Amino acid sequence: MLIPRQNVPELDLPLVGGGGFTLSSEAGERGTLVCFYRGLHCPICAKYLTELERLSADFAERGINTVAISSDGLERAQDMAKKIAAENLRVAYGLSLADARAWGLYISTSRGTTSIGIEEPALFSEPGLFLINPDQSLFFGSVNTMPFVRPHFSELLGAVDFAIKNNYPARGEYTGSV
């Protein structure tokens, strides 16, 4: 389990369009929003990432970089980037399932072809959304067991504004006896 105010695992993945994403090299003034998605097969992911693409410039205005990550290979990641018309949102691919598990993501098995006619991979990770501070510590995290009911990016922007204005710390950091 990831703990707020503690460092998260490193991520070092290729990006659609070339180059790479390395979490420890990110230069966002206030950090990086890491959005793990299920893959091209998921129509809910495409809708969710379209919204993140639309709001990525708003996150950037607040000093937060954005990236969407899946265990899909290059071709499927390119197809997703095209589907969501990614211009501001970087799309990384090739996440290992071991790395997904290190981030606390749930792993699912294939149920075959989805409602949009795309085959699910044999194994893939379920969604997760994390706001990582520039020092690579966790500020916010949300993990799903299903593709449904994810955090809304517009609400997260409001929370970021509140945290900035009030110097609000990451919460959930206590690991002692209860």
Side-chain angles (χ1 to χ4, degrees), residues 1-4 6-57 59-60 62-110 118-145 147 150-151 153 156:
M1 174 170 54
L2 301 182
I3 305 295
Q6 294 185 15
N7 282 7
V8 297
E10 177 64 283
L11 289 169
D12 189 6
L13 299 165
L15 289 169
V16 168
F21 170 80
T22 302
L23 183 58
S24 60
S25 298
E26 283 292 287
E29 176 189 355
R30 290 204 173 86
T32 305
L33 184 64
V34 177
C35 181
F36 293 100
Y37 70 99
R38 301 170 83 222
L40 178 65
H41 64 275
C42 179
I44 298 170
C45 291
K47 183 177 179 184
Y48 195 59
L49 294 180
T50 298
E51 182 69 0
L52 181 54
E53 163 60 30
R54 188 179 71 77
L55 294 174
S56 281
F59 281 103
R62 291 156 174 84
I64 299 171
N65 298 335
T66 57
V67 64
I69 299 172
S70 77
S71 56
D72 278 348
L74 173 60
E75 214 172 284
R76 286 171 69 110
Q78 286 173 324
D79 289 348
M80 180 61 91
K82 184 178 178 182
K83 182 181 279 192
I84 66 168
E87 291 182 14
N88 298 308
L89 176 62
R90 296 171 294 168
V91 178
Y93 60 94
L95 176 72
S96 75
L97 294 177
D99 285 344
R101 186 161 278 160
W103 277 79
L105 301 178
Y106 293 91
I107 309 297
S108 290
T109 58
S110 177
I118 299 175
E119 186 78 19
E120 291 182 345
L123 296 172
F124 58 92
S125 64
E126 291 296 338
L129 185 66
F130 299 89
L131 182 52
I132 310 304
N133 290 316
D135 66 0
Q136 210 168 340
S137 66
L138 178 64
F139 184 79
F140 165 85
S142 176
V143 177
N144 292 62
T145 62
R150 303 181 201 193
F153 295 116
L156 184 54

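These figures come from a predicted structure and were not determined experimentally. Basis for what follows: all heavy atoms, side chains included, without hydrogens, waters or symmetry-related copies.
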Student: Quick one: does Phe59's side chain get under 4.5 Å of Asn88's, heavy atoms only?
Tutor: no
Student: Locate the shortest heavy-atom distance separating Ala77 from Val91; write the atom from each residue and the value.
Tutor: O-CG1, 4.0 Å
Student: If every non-hydrogen atom of Ser125 is compared with every non-hydrogen atom of Leu95, which pair is closest and at what distance?
Tutor: OG-CD2, 4.3 Å
Student: Are Leu13 and Asp99 packed together at the side-chain level, in the sense that at least one heavy-atom pair is separated by less than 4.5 angstrom?
Tutor: no
Student: What pair of heavy atoms forms the shortest contact from Ile44 to Pro147, and how long is it?
Tutor: CG2-O, 3.4 Å
Student: First locate atom CD of Glu51, then atom CG of Leu55, and finally report the distance between them rounded to the nearest 0.5 Å.
Tutor: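 It is 4.5 Å, given to the nearest 0.5 Å.
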Student: Do Cys45 and Arg150 have side chains that get closer than 4.5 Å, going by heavy atoms?
Tutor: yes
Student: How long is the gap from OH on Tyr37 to CG on Asp72, to the nearest 0.5 Å?
Tutor: 5.5 Å
Student: Side chains of Arg76 and Ser70: closer than 4.5 Å at any heavy-atom pair?
Tutor: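 SC-SC contact between Arg76 and Ser70 ruled out.
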Student: Is there a donor-acceptor pair closer than 3.5 Å between any side-chain N or O of Glu53 and the backbone N or O of Ala86?
Tutor: no
Student: Is there any side chain to side chain donor-acceptor pair (under 3.5 Å) pair reaching into residues 6-22, and which pairs are they, with sequence neighbours excluded?
Tutor: Glu10-Ser24, Asp12-Thr22
Student: How long is the gap from CG on Leu89 to CD1 on Ile84, to the nearest 0.5 Å?
Tutor: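 Leu89 CG to Ile84 CD1: 5.0 Å, rounded to 0.5 Å.
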Student: For Ser137, does its backbone N or O pair with a side-chain atom of Asp135 as donor and acceptor, under 3.5 Å?
Tutor: yes
Student: As an exercise, state the distance from CG of Asn65 to CD of Glu29, rounded to the nearest 0.5 Å.
Tutor: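 Here the rounded value is 10.5 Å.
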Student: Side-chain contact, heavy-atom cut-off 4.5 Å: Phe140 with Leu33?
Tutor: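 A side-chain contact is absent here, since even the closest heavy-atom pair is not under 4.5 Å.
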Student: Please identify each residue that fulfils side-chain hydrogen bond (donor to acceptor under 3.5 Å, both in side chains) with Glu120, with sequence neighbours left out.
Tutor: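 Partners of Glu120 under the side-chain hydrogen bond (donor to acceptor under 3.5 Å, both in side chains) test: none.
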Student: At what distance, to the nearest 0.5 angstrom, does CZ of Phe124 lie from SG of Cys42?
Tutor: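 Output value for this atom pair is 8.0 Å.
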Student: Could you tell me whether the side chain of Arg90 and the main chain of Thr66 form a donor-acceptor pair under 3.5 Å?
Tutor: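 Pair found, side chain donor or acceptor close to backbone of Thr66.
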Student: Less than 4.5 Å apart, any side-chain heavy atom of Glu26 and any of Val67?
Tutor: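 No; the side chains remain at least 4.5 Å from each other.
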Student: Is there a donor-acceptor pair under 3.5 Å between the side chain of Tyr48 and the backbone N or O of Pro151?
Tutor: yes
Student: Please tell me if the side chains of Ile64 and Phe139 come closer than 4.5 Å, counting only heavy atoms from C-beta onward.
Tutor: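 The answer is no; the side chains never approach within 4.5 Å.
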Student: For a quick test of reading the model, state the closest non-hydrogen atom pair linking Gly128 to Leu105 and the distance between them.
Tutor: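 Distance-wise, the nearest heavy atoms are CA-CD2, 3.7 Å.
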Student: How many angstroms lie between atom OG1 of Thr32 and atom CZ of Phe21, to the nearest 0.5 angstrom?
Tutor: 5.5 Å
Student: For the residue pair Gly73 and Tyr93, what are the closest heavy atoms and their distance?
Tutor: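 What the structure gives for the nearest pair is C-CD1, 3.9 Å.
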Student: List the atom of Leu2, the atom of Val8, and the distance in Å for their closest heavy-atom pair.
Tutor: CD1-CG1, 4.1 Å
Student: Taking salt bridge (Lys or Arg N to Asp or Glu O under 4.0 Å) as the definition, give me every residue that meets it alongside Arg30, ordered by chain and number, with sequence neighbours left out.
Tutor: none
Student: Would you indicate whether the side-chain heavy atoms of Asn133 and Leu138 approach each other to under 4.5 Å?
Tutor: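 Counting from C-beta outward, Leu138 and Asn133 never come under 4.5 Å.
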Student: Tell me if a side-chain donor or acceptor on Asp79 pairs with a main-chain N or O of Leu40 at a distance below 3.5 Å.
Tutor: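 No: the side chain of Asp79 does not pair with the backbone of Leu40.
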